[in-house]
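Below you'll find the structure, written out as structure tokens, and then a few comments.
Throughout, protein chains are lettered first and strands after them, A, B, ... in sequence-line order, and every chain is numbered starting at 1.
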Protein chains: 2
Amino acid sequence: MEDQAGCPVKATVGVIGGKWKTGILYRLARKSYRLSELKREMSWISETVLIRQLRELQAEGVVERIDHRQRPPKVEYALTDYGQSLAPLLDAIAAWGQSHLSHKAG
Amino acid sequence: MEDQAGCPVKATVGVIGGKWKTGILYRLARKSYRLSELKREMSWISETVLIRQLRELQAEGVVERIDHRQRPPKVEYALTDYGQSLAPLLDAIAAWGQSHLSHKAG
DNA sequence: CGGGATCCTTGGGGATACTG
DNA sequence: CAGTATCCCCAAGGATCCCG
């Protein structure tokens, strides 16, 4: 049962399709974040999973990890240049969600 | 641990976030489909799941089921007017995926 | 602060069989 | 053709403990 590789929609979902990835990317599209910041702003995600999803986004080349090599540790996460190409998509997702919430609220 | 309801990104993901939903919606944005057509074009999805995801999309109000009440049965699926508002988003998803595939291919 | 290693849990996806 | 009804499974998400 081949999975019709090469489907554009699947390609995108493969990158941003984790449970929290769009939320992470949406934030990173605005500013770079320290890990502790992300943990605070998305406190409903377990730390393990947050880091795992960041790693996967790195592996896809859309997020970069910037280690400032300081004591105490300071590590930032940001979109790569390539990841920035997702910005319009992320905005579209947020915009539709916004109108959807209004729609449901009446 | 509240899940930060009211987040626009989550609202969208809640609607289109199934494993195959974007693929289904992307097709329905172009034309209405009979169930058997969808099954053929997305033959890698099990029938059970395909129908389940269609039901969920109906429940969200973005897909409508049109029963022509014929023998043999003829049922069509299409986007609702509201679902049509997803079209730009679906295009953006497909467009990014397309460029992503080129990106990886070199 | 920013992780890695481990183990547990769950629900979304899937296979199969049957029906009007 | 267009479904429904079950049962199953595993990968993704999550909790916990430990570390430089």
For the [atom1] atom of [X] and the [atom2] atom of [Y], what is their distance to the nearest 0.5 Å?
X: B:L38; Y: B:Y77; atom1: CG; atom2: OH; value: 8.5 Å
X: A:L86; Y: B:S99; atom1: CG; atom2: OG; value: 8.5 Å
X: A:L50; Y: A:W44; atom1: CG; atom2: CH2; value: 10.5 Å

Between [atom2] of [N] and [atom1] of [X], the distance in whole Å:
X: A:M42; N: C:dG2; atom1: CE; atom2: P; value: 16 Å
X: B:L50; N: C:dG14; atom1: CG; atom2: P; value: 11 Å
X: A:L38; N: C:dG2; atom1: CG; atom2: P; value: 10 Å
X: B:Q53; N: C:dG13; atom1: CD; atom2: C1'; value: 8 Å
X: A:I45; N: D:dG14; atom1: CD1; atom2: C1'; value: 12 Å
X: B:I51; N: C:dG12; atom1: CD1; atom2: P; value: 18 Å
X: B:E37; N: D:dG3; atom1: CD; atom2: C1'; value: 17 Å

List in chain and number order the residues that pass side-chain contact (heavy atoms from CB on, under 4.5 Å) with [X], two or more places apart in sequence or in another chain; answer none if no residue qualifies.
X: A:Q53; result: A:W20, A:K21, A:I24, A:V49
X: A:R30; result: A:Y26, A:D91
X: B:A92; result: A:L89

Look at the side-chain N and O atoms of A:W20 and state whether any lies under 4.0 Å from the OP1 or OP2 oxygen of D:dG14.
->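 Result: yes.
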
Who passes side-chain hydrogen bond (donor to acceptor under 3.5 Å, both in side chains) against A:K74, sequence neighbours left out?
->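 Result, side-chain hydrogen bond (donor to acceptor under 3.5 Å, both in side chains) vs A:K74: none returned.
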
With sequence neighbours left out, write down each residue that passes side-chain hydrogen bond (donor to acceptor under 3.5 Å, both in side chains) with A:S85, or none if nothing qualifies.
-> B:W96

side-chain hydrogen bond (donor to acceptor under 3.5 Å, both in side chains) partners of residues 59-72 of chain B, not counting sequence neighbours, each pair once =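 Qualifying pairs, neighbours excluded: B:H68-B:E76.
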
Between the two end axes of the helix from C:dC1-D:dG20 to C:dG20-D:dC1, each built from 5 base pairs, what angle do you get to the nearest 10°?
->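 Both end axes considered, the difference amounts to 50°.
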
Among C:dA15, D:dA2, D:dG14, the one nearest A:K19 by side-chain distance | D:dG14

Nearest-neighbour nucleotide for the B:E47 side chain, C:dG3, D:dA2, D:dG14 considered =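 Shortest atom-to-atom distance from the side chain points to D:dA2.
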
Please list all pairs passing the salt bridge (Lys or Arg N to Asp or Glu O under 4.0 Å) test where one or both residues lie in residues 92-106 of chain A, with sequence neighbours left out.
->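 Residue pairs with at least one partner in residues 92-106 of chain A: there are none.
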
Would you mind listing every salt bridge (Lys or Arg N to Asp or Glu O under 4.0 Å) that reaches into residues 32-41 of chain A, with sequence neighbours excluded?
->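 Passing the test, one end in residues 32-41 of chain A: A:R27-A:E41, A:K31-A:E37, A:K39-A:E47.
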
Hey, does A:L35 reach any base, or is it just sugar-phosphate, or nothing, if we go heavy atoms under 4.0 Å?
-> sugar-phosphate

Neighbours of DNA chain C within residues 54-77 of chain B, by heavy-atom distance under 4.0 Å =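 Correct list: B:P73.
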
What's touching nucleotides 5-7 of chain D from the protein side, N or O pairs under 3.5 Å?
none

